[in-house]
There are 2 protein chains.
Amino acid sequence: MSPVSKGVVIALAGHESRSRAGRPRRADARRNYEQLVKQARIAFAEFGVDASLDEIARRAGVAGGTLYRHFPTRLDLIEAVLAEQIAELVDLGRGLLTVEDDFDALSTWLRAALTHALTYRGLAAAVMNSALDRGNGLVSTWHAEMFEVGAALLARARQSGVVVAYADEADVLKMVGAIAWAAQDAPDSSAQADRLLALLMNGLRYVGLPHQTGD
Amino acid sequence: MSPVSKGVVIALAGHESRSRAGRPRRADARRNYEQLVKQARIAFAEFGVDASLDEIARRAGVAGGTLYRHFPTRLDLIEAVLAEQIAELVDLGRGLLTVEDDFDALSTWLRAALTHALTYRGLAAAVMNSALDRGNGLVSTWHAEMFEVGAALLARARQSGVVVAYADEADVLKMVGAIAWAAQDAPDSSAQADRLLALLMNGLRYVGLPHQTGD
DNA sequence: ACCTGAACACCGTTCAAGT
DNA sequence: ACCTGAACACCGTTCAAGT
């Protein structure tokens, strides 16, 4: 509610409380915006990516057209819902960059990224994935920041030799999203996610040359 | 066309050429069935899981109701399209069980499974994933066979000590599906799939105890 | 036994009319 | 500037009527 607590999100999203022209929003527009995000959050948590936009508008107490005015595409609405979570992930990552143990820092952050990716029934994973597909043309500013901090953590661990040299930044983040997607609807969802992450971390860890069978 | 070349598929699917009662299909019903699968294959390849069933029926020259008569759910239609590919994968796996190098055999099969999972715009990966989620209540007979042959290859490699002991059968197959999903829409799709599979194989390979940092 | 095609409920999207 | 609500095109699904 207060400008202070909303500061981070506004800085990242940049369209919560002011229109494209930069002027402050009309009171009803602002209220509608907030209600839409709130109801979208609930709907996405329940139904995942396929949640009905019509239903979200209805629950927010606005007509369909209003939803479209605020969020021209489904992705715009999704991003508004994810913004806060991603900002937290970025903050965590920056803190971890100062932690001594490179591998632990990377491992901790990837675990947090996995937890994020698991939210909203695989929706976050899907968005992460498509953001990574676009390379530099990432979906949003905060995805770019998320990528940067993850890349920094990996690069650091790689340079100090605890992680294999061929581990690519985008690949590793892709794997995290992939794990979330795979474990999403499993009966033992979070347990499986844990095991799959362990498999990934094992693949990342440098333990010397693998013994060759042939030559 | 000949009973011989269609033998495998019929044996697995069990509803191509005869009705549930076991009697041979009427000629028009059989023709419709085949046209529907053929057009579905084309549509799934182009649009992925979300291909319009209406459009498939239209292109097959039948009314909507006819599609529903043959394939009560979307999954039924998808399975009919995937049946042949999965049968080939099972055959390959059985052959690989007699190959000497355990790790190479597993690696080769997982690569083939990944190629399969990449078909139809991620559709095959999604079906594999949901099949694995159901555990013993797998989606279809041929998914059960696919799981069995993959599990056998992994168990063999694990027992001879070239693969880490904690590698779970379902987990590894899940990862293959996940990799396919992740790489699906990437600009360098197949190259990324290769790299991610390499990461997985590195995580599977047993190379001795990882060096501990703490205790 | 099998197919057709109309009917239904639901969806996302657009846009003229309002305030 | 912003919202409403009707209109549109499209979708999956059901089912009575046909052959």
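The basis for the numbers below is simple: all heavy atoms, side chains too, and nothing from hydrogens, waters or symmetry mates. Throughout, protein chains are lettered first and strands after them, A, B, ... in sequence-line order, and every chain is numbered starting at 1.
Atom C1' of nucleotide dC3(D) and atom CG of L36(A) are separated by 12 Å, given to the nearest angstrom. Between D50(B) atom CG and dC11(C) atom P there is a gap of 16 Å when expressed in whole angstrom units. A straight line from CZ of F47(A) to P of dC10(C) spans 13 Å, rounded to a whole angstrom. The CG-C1' distance, from D28(B) to dA1(C), rounds to 9 Å in whole Å. D54(B) places its CG atom 11 Å from the P atom of dT13(D), with the value rounded to the nearest Å. Between R31(A) atom CZ and dA1(D) atom C1' the separation is 15 Å, expressed in whole Å. Summarising the geometry, the separation between CG on L53(B) and P on dC11(D) is reported as 10 Å, rounded to the nearest angstrom. The nearest whole Å value for the distance from the CZ atom in R58(B) to the P atom in dA6(C) is 15 Å.
Residues E55(A) and V62(B) both approach DNA chain C. Their nearest nucleotides, taken by heavy-atom distance, put V62(B) toward the 5′ side.
Ion pair D102(B)/R158(B) not flagged as a salt bridge, since none of the NZ, NE, NH1 or NH2 atoms sits closer than 4.0 Å to an Asp/Glu carboxylate oxygen. Using a cutoff of 4.0 Å between basic side-chain nitrogens and carboxylate oxygens, E79(B) and R74(B) are not scored as salt-bridged.
Of the candidate nucleotides dG12(C), dG12(D), dC2(C), dC2(C) has the atom lying nearest to any side-chain atom of A29(B). In the set dT4(D), dG12(C), dG12(D), dT4(D) carries the atom at the smallest distance from any side-chain atom of A63(A).
Between dC2(C) and H70(B), no contact under 4.0 Å exists linking OP1 or OP2 to a side-chain N or O. For N32(A) and dC2(D), the shortest distance from a side-chain N or O to OP1 or OP2 is not below 4.0 Å. Between S52(B) and dC10(D) there is no side-chain N or O to OP1 or OP2 distance below 4.0 Å.
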Counting primed atoms, P, OP1 and OP2 as sugar-phosphate and everything else as base, the B/S/- map of nucleotides 14-19 of chain C against protein heavy atoms under 4.0 Å is BB----

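The ring-ring contact (aromatic ring centres under 6.0 Å, His included) test applied to W109(B) returns no partner, not counting sequence neighbours.
None of V81(B), I78(B), L118(B) except one satisfies the side chain to side chain contact (heavy atoms under 4.5 Å, CB included) rule with L123(B); the exception is I78(B).
With 3.5 Å as the limit, one finds no donor-acceptor pair spanning the side chains of S130(A) and D133(A).
Between F44(A) and Y120(A), the ring-plane angle classifies as perpendicular under the 30° and 60° cut-offs.
With F103(A) as the aromatic partner, R205(A) meets the cation-pi criteria of under 6.0 angstrom to the ring centre and within 45 degrees of the ring axis.
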